K.L.:
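One structure coming up, written as structure tokens, with questions to follow.
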Amino acid sequence: MSRRLKILLAKAGLDGHDRGVKVVARALRDAGMEVVYTGLHQTPEQIVNAAVQEDVDAVCLSILSGAHMTLFPRVKELMDQAGMDDVLLSGGGIIPDDDMAELSNLGVGRLFGPGSSLELIVDYFNEEIPRRRSLSA
Amino acid sequence: MPRPTVAQLVEGVRRGDRLCVGRALTLVENSEPAAWELLRELSPDIGDALRVGITGPPGAGKSTLADALTRELRARGKSLGVIAVDPSSPFSGGALLGDRVRMLKSTEDPEVFMRSMASRGALGGLARTTQEAADVLDAAGKDIVILETVGVGQSELTIASACDLTVVVLVPESGGMVQAMKAGLMEIADLFVVNKSDRPGADEMKLQLIDASRYLIWEGRRPPVVMTSGLKGDGVAELADEVLAYGNWLQEGGRKEKKRRDQARTRIRELVRSGLEERFWAREDIRRALDHAAGAHLEGGASIVEQARKFWDSVRGELGRSEILP
């Protein structure tokens with residue numbers, strides 16, 4: 001009956017590369033988290049809609065198409081509008097460091113590029129999410 | 001947004017506010033103390049929704065069918081809640097909740113609320129708090145709540161004890177199982193679906209099920225067999241017809257009351273059983289007493305039954321004094 005971290009993994013926009021997100025999904029599951037994958041070609045509205053219904057602790061976007069500077073801010077905006085300000089927005093894909101910095105200023109959490117250690121991602125969620133959602137250890 | 005109070009969640013659930021419903025579901029899923037208060041407050045609003053269980057062996061196409069059925073029922077003006085349960089990994093305790101991705105079409109509809117739940121070690125296909133989650137969606141005003149899971153049909157937490165209508169979905173390749181009349185899964189059906197019915201063997205399966213259904217008559221009703229193709233949409237209208245007809249039929253002659261009474265009986269018993277398991281038998285002092293009794297038996301003393309009697313006599317008073325329910 002112990003509480004598990006619940007993570008939404010989403011592929012937004014036209015990007016059809018889903019191998020990476022599936023690898024992450026399995027790693028998170030093996031780390032004891034409950035993972036909902038939205039499937040491909042989701043709009044920001046669909047993603048946040050799913051996040052609300054599933055009441056996730058984190059929304060993660062996997063974007064390899066270069067559209068991250070449009071999609072991340074839009075999802076953040078919708079999450080804020082929906083009242084989800086304690087929910088982490090994270091993700092990965094092909095995102096240059098400068099863009100990562102800019103997104104961070106907008107309130108997006110840490111982002112993980114190609115070759116990121118899965119262990120690092122798991123550790124990040126385990127530390128960052130309880131902090132944001134005021135969960136006891 | 002500061003953490004909502006129970007009162008705010010109650011009010012939000014009644015309004016059908018999706019953020020509140022989502023958060024209420026989480027409280028309930030984790031059996032937090034506030035969850036019981038929430039359910040108590042909502043209890044006048046619980047009971048009207050028709051609870052439809054969709055179960056069957058893996059690969060039968062349940063999620064796709066649930067998606068098609070949801071859209072069809074929506075077209076007929078019904079609002080829906082869907083809870084899909086997937087197994088948690090016995091090794092890590094985590095889970096891949098993969099039903100949502102198959103239900104994308106229906107979950108865009110604002111009148112459909114879909115939630116994925118992990119089984120968290122519970123046997124029987126449902127999580128221990130799936131019933132309570134269905135209560136929340138019921139209280140939020142959903143006409144129909146669909147519970148979707150892989151069926152095993154062997155334990156208290158089977159979908160049959162949780163639902164008003166249990167739909168067992170099979171595929172033409174399930175033939176061997178029907179022959180064996182696998183206990184549990186076959187017996188709980190109020191309705192059979194042969195999905196992927198464009199495949200060879202579908203008609204034979206249908207005949208076998210019609211034959212088997214004669215042993216499953218309840219209140220004079222024999223479970224019908226519906227042929228569908230979830231992907232193509234064939235037979236889904238007929239399935240919706242049967243679901244709605246059943247809902248109406250249940251309202252008559254006290255049948256709904258009978259079903260609900262059975263469900264309540266199972267739920268109460270399960271709450272007491274799990275309360276005992278977690279809050280009494282898990283106690284240090286009780287475990288020590290049991291260890292002691294086991295040791296005394298090995299020392300060549302009394303028989304197992306006598307040892308059990310001694311153990312029981314030593315703890316029964318403690319049981320009477322214990323708080324086992326939330």
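Keep in mind that the numbers below use all heavy atoms, side chains included, and drop hydrogens, waters and symmetry copies. This is a predicted model, so every value here is computed, not measured. In what follows, every chain begins at residue 1, and chains take the letters A, B, ... in the order their sequences are listed.
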K.L.:
Got a second to check how far A/Glu54's CD is from B/Thr26's OG1, nearest 0.5 Å?
P.N.:
9.0 Å
K.L.:
Counting a contact as any heavy-atom pair under 4.5 Å apart, which residues of residues 39-47 of chain A contact chain B?
P.N.:
A/Gly39, A/Gln42, A/Gln46
K.L.:
Among B/Gly22, B/Ala95, B/Pro110, B/Gly98, who wins on heavy-atom pairs under 4.5 Å with chain A?
P.N.:
B/Ala95
K.L.:
Determine which residues belonging to residues 102-119 of chain A lie within contact range of chain B, meaning some heavy atom pair is under 4.5 Å apart, and list them by number or answer 'none'.
P.N.:
none
K.L.:
Which bit of A/Val48 is near chain B, if near means a heavy-atom gap under 4.5 Å: side chain, backbone, both or neither?
P.N.:
neither
K.L.:
Using a distance-only test with no angle check, is there a side-chain donor-acceptor pair under 3.5 angstrom linking B/Thr107 and A/Gln53?
P.N.:
no
K.L.:
Tell me, side chain or backbone of B/Ser89 under 4.5 Å from chain A's heavy atoms, or both, or neither?
P.N.:
side chain
K.L.:
Is there a side-chain contact between B/Leu97 and A/Glu34 in this structure, where contact means two heavy atoms from C-beta onward sitting under 4.5 Å apart?
P.N.:
yes
K.L.:
Measure B/Phe113 against the heavy atoms of chain A and call it side chain, backbone, both or neither at under 4.5 Å.
P.N.:
both
K.L.:
Under 4.5 Å from any heavy atom of chain B, what part of A/Ala51 do you find: side chain, backbone, both or neither?
P.N.:
neither
K.L.:
At a 4.5 Å cut-off on heavy atoms, which part of B/Leu104 comes close to chain A: side chain, backbone, both, or neither?
P.N.:
side chain
K.L.:
For the CZ atom of A/Arg4 and the OG atom of B/Ser88, what is their distance to the nearest 0.5 Å?
P.N.:
7.5 Å
K.L.:
Just by distance, do the side chain of B/Ser92 and the backbone of A/Arg29 share a donor-acceptor pair under 3.5 Å?
P.N.:
yes
K.L.:
Decide whether B/Arg18 and A/Asn49 meet the rule of one side-chain donor and one side-chain acceptor closer than 3.5 Å.
P.N.:
yes
K.L.:
Could you tell me which residues in residues 67-83 of chain B have at least one non-hydrogen atom under 4.5 Å from a non-hydrogen atom of chain A, sorted by residue number?
P.N.:
none
K.L.:
I'd like to know if A/Asp57 and B/Arg23 make a salt bridge, using a cut-off of under 4.0 Å between side-chain N and carboxylate O.
P.N.:
no
K.L.:
Restricting to side chain to side chain donor-acceptor pair (under 3.5 Å), what partner residues turn up for B/Thr130, sequence neighbours left out?
P.N.:
none
K.L.:
Apply side-chain contact (heavy atoms from CB on, under 4.5 Å) to residues B/Glu29 and A/Arg3 and explain how you reach the verdict.
P.N.:
CA-CA 9 Å; B/Glu29 186 175 16; A/Arg3 194 200 191 287; over 6 Å; no
K.L.:
So how far is it from A/Met33 CE to B/Leu96 CG, rounded to the nearest 0.5 Å?
P.N.:
12.5 Å
